[in-house]
Visitor: 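The structure's right below; bear with me while I get my questions together.
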Amino acid sequence: MLAAKHGKDVRLLSLKEKDLTSDFPTLVEAVRGVEAETALIDGEVVAIDAKGCPSFQALQKSGI
């Protein structure tokens, strides 16, 4: 996922440029907190299962 920040405006985009901003409101707020006027942050989305481990299945079930 790519997080793009300009001022207080934040957009989250998939590799295929799907807008995922509304799917991750907590992440949007975290990126807003970055102390920079503009920023591009490249990262991976990981779903965590009930045991606290990364789970690709949980991510698929989320529909994202």
Side-chain angles (χ1 to χ4, degrees):
M1 176 182 299
L2 182 67
K5 176 184 188 267
H6 182 73
K8 293 291 181 184
D9 183 44
V10 173
R11 288 187 64 208
L12 305 176
L13 301 169
S14 73
L15 287 175
K16 294 183 180 181
E17 298 184 23
K18 179 181 176 188
D19 190 334
L20 299 174
T21 306
S22 63
D23 296 323
F24 296 96
T26 304
L27 184 54
V28 169
E29 289 306 312
V31 173
R32 268 196 194 114
V34 171
E35 292 189 30
E37 181 65 21
T38 60
L40 287 175
I41 303 168
D42 183 22
E44 298 291 327
V45 175
V46 178
I48 305 298
D49 68 14
K51 296 178 183 178
C53 297
S55 169
F56 185 70
Q57 274 188 326
L59 186 61
Q60 284 182 313
K61 287 179 184 178
S62 74
I64 296 172

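As the structure is a computational prediction, the values presented were derived from the model and not from experiment.
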Visitor: Using atom types as modelled and distance alone, determine if a side-chain donor or acceptor of Thr38 lies under 3.5 Å from a backbone N or O of Lys5.
Guide: no

Visitor: Please answer: with hydrophobic residues joined when any side-chain heavy atoms are less than 4.5 Å apart, are Val45 and Leu27 in the same cluster?
Guide: yes

Visitor: Nearest 0.5 Å please: distance from the CD1 atom of Ile41 over to the CG atom of Leu2.
Guide: 9.0 Å

Visitor: For Glu17, does the CD atom have more than 12 heavy-atom neighbours from other residues, nucleotides or ligands under 6.0 Å away?
Guide: no

Visitor: When rounded to the nearest 0.5 angstrom, what distance separates OG in Ser55 from CD1 in Ile48?
Guide: 8.5 Å

Visitor: Out of curiosity, Met1 CE to Lys18 NZ, how far, rounded to the nearest 0.5 Å?
Guide: 10.0 Å

Visitor: Are Asp23 and Leu12 side-chain neighbours, meaning at least one heavy-atom pair lies under 4.5 Å?
Guide: no

Visitor: Is the side chain of Arg32 donor-acceptor paired with the backbone N or O of Lys8 at a distance under 3.5 Å, no angle test?
Guide: yes

